[in-house]
Amino acid sequence: MSRYWSNIVEQLQPYVPGEQPQLAHPLKLNTNENPYPPSPRVQAALQRELGTSAESLRRYPDPASSQLRAAVAAHHGIRPEQIFVGNGSDEVLAHVFVALLKQAQALLFPDVTYSFYTSYARLYQIHYQTVPLDDALAIRIDDYPAQNGGILFPNPNAPTGRALPLSEIERLLKRNTESVVVIDEAYVDFGAESAVTLIDRYPNLLVVQTTSKARSLAGMRVGFAFGQEDLIEALNRVKDSFNSYPLDRLAQAAAQASYEDPSWFADHCARIVASRERLSGALTQLGFALIPSSANFVFARHPDFDGAELAAQLRAQEIFVRHFKLPRIDQYLRITVGTDAECDALIAALRALLAR
Ligand SMILES: Cc1ncc(COP(=O)(O)O)c(C=O)c1O
């Protein structure tokens, strides 16, 4: 606190990212990163962009990320004008809050969800109301009041991993036509159905995605929004009032190369899904109760062991999982799906802890 702070800063509730431990070999299953390096085409593209002298870095990057948007448009079978690009989907979401979700009525999002939503609402002084998940920690479309200034949730939800079928999203869109519906698809590639296929039919639908998870580019910070042109224009108006060059040259080249390698993408998503099922089976055998996951993480609790305590004991062994000290979910661990070897190491450590 300082007398120089603005009122806004005093009232912020900053997001706390998962720990990035400065250790030589942590077993890092706490921030839903991909355990595999990105497509080899990414590395080749980075080398091409840098050349021998990094000459291209003298110049500003393309402010519109045109080549990247063309590659992403081809992947989704949509037009480049239906795509907004930002510095990670976090930045995309921030612009969405200002451009579309700051309305007279309250923005609605689940009580258990990505905690950055609350941070953005505070930062931009947006009135919001949370809608409780049901007892199984599932989103229920019917619980969202008709009067609202916008609806936002991840599908699959985070940190539960539970997905809604596309038919439920469409049911919501049919009912809720007066405000924007934002579906945050950070984890969609691990088994949920994308709503990008619906953007032509629903003018109030905006879908947000990232390259951080399924494309293994968390370090590059590239995210997208997909929607009809007037929604995208609103985002561009905010972006060009904030930072004209949100993506540097390397990020644009890397993300574009990733979209040009569909077989790497399909193969690695399948690997993670297979490892998730294997990990889920092993945790169940140890007595954990799991929420069915369509993401690259599982959300698990043990009936006989405290969640915070388990996370702390794992951490003492340099094994990092995420624990949220929040109502309703403080007994759960959110565990990122690593390689099979990483998951085996986690299971061995948990087995020893539970046997103590
Ligand atoms: C639900 C959800 N949305 C968005 C993000 C942001 O991803 P990024 O900013 O890396 O694109 C995350 C990151 O963990 C997330 O869990």
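As the structure lists them, so they are numbered: ligands from 1, and atoms in each ligand from 1. Since the model is a prediction, treat every value here as computed from it, not as a measurement.
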Closest heavy-atom pair and its distance - Gln67, Asp62:
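Closest heavy-atom pair between Gln67 and Asp62: N-OD2, 4.4 Å.
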
Side chain or backbone of Ala186 under 4.0 Å from ligand 1, or both, or neither, by non-hydrogen atoms?
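Contact part for Ala186 vs ligand 1: side chain (C-beta onward).
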
Please determine whether any non-hydrogen atom of Glu91 lies less than 4.0 Å from an atom of ligand 1.
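It does not, in that no heavy atom of Glu91 comes within the 4.0 Å cut-off of ligand 1.
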
Heavy atom of Tyr187, distance to ligand 1 below 4.0 Å
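Per 4.0 Å heavy-atom rule, Tyr187 contacts ligand 1.
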
Can you tell me which residue and heavy atom of the protein come closest to atom 9 (O) of ligand 1, and the distance to 0.1 Å?
Arg221 NH2, 2.7 Å

Over 60° means perpendicular and under 30° means parallel, so classify the ring planes of Tyr114 and Tyr15, tilted if in between.
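Perpendicular, since the angle between the ring planes exceeds 60°.
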
Below 30° counts as parallel, above 60° as perpendicular, anything between as tilted: where do the rings of Tyr245 and Tyr60 land?
parallel

Does Arg271 make a cation-pi contact with Tyr36, if we ask for NZ or CZ under 6.0 Å from the ring centre and within 45° of the axis?
yes

What are the atoms of ligand 1, with element, lying closer than 4.0 Å to any heavy atom of Gly88?
9 (O), 11 (O)

Pick, from [options], the option with the minimum heavy-atom distance to [atom].
| atom | options | result |
| --- | --- | --- |
| atom 3 (N) of ligand 1 | Asp184, Asn32, Thr113, Asp90 | Asp184 |
| atom 13 (C) of ligand 1 | Lys213, Arg322, Gln209 | Lys213 |
| atom 12 (C) of ligand 1 | Phe116, Phe153, Tyr114, Phe224 | Tyr114 |

Does Leu283 share a hydrophobic cluster with Leu27, counting links as ILVMFWY side-chain heavy atoms below 4.5 Å and allowing steps through other members?
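Linked, Leu283 and Leu27 end up in one cluster.
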
Sub-3.5 Å donor-acceptor pair from the side chain of Arg334 to the main-chain atoms of Asn30, do we have one?
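It does hold such a pair.
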
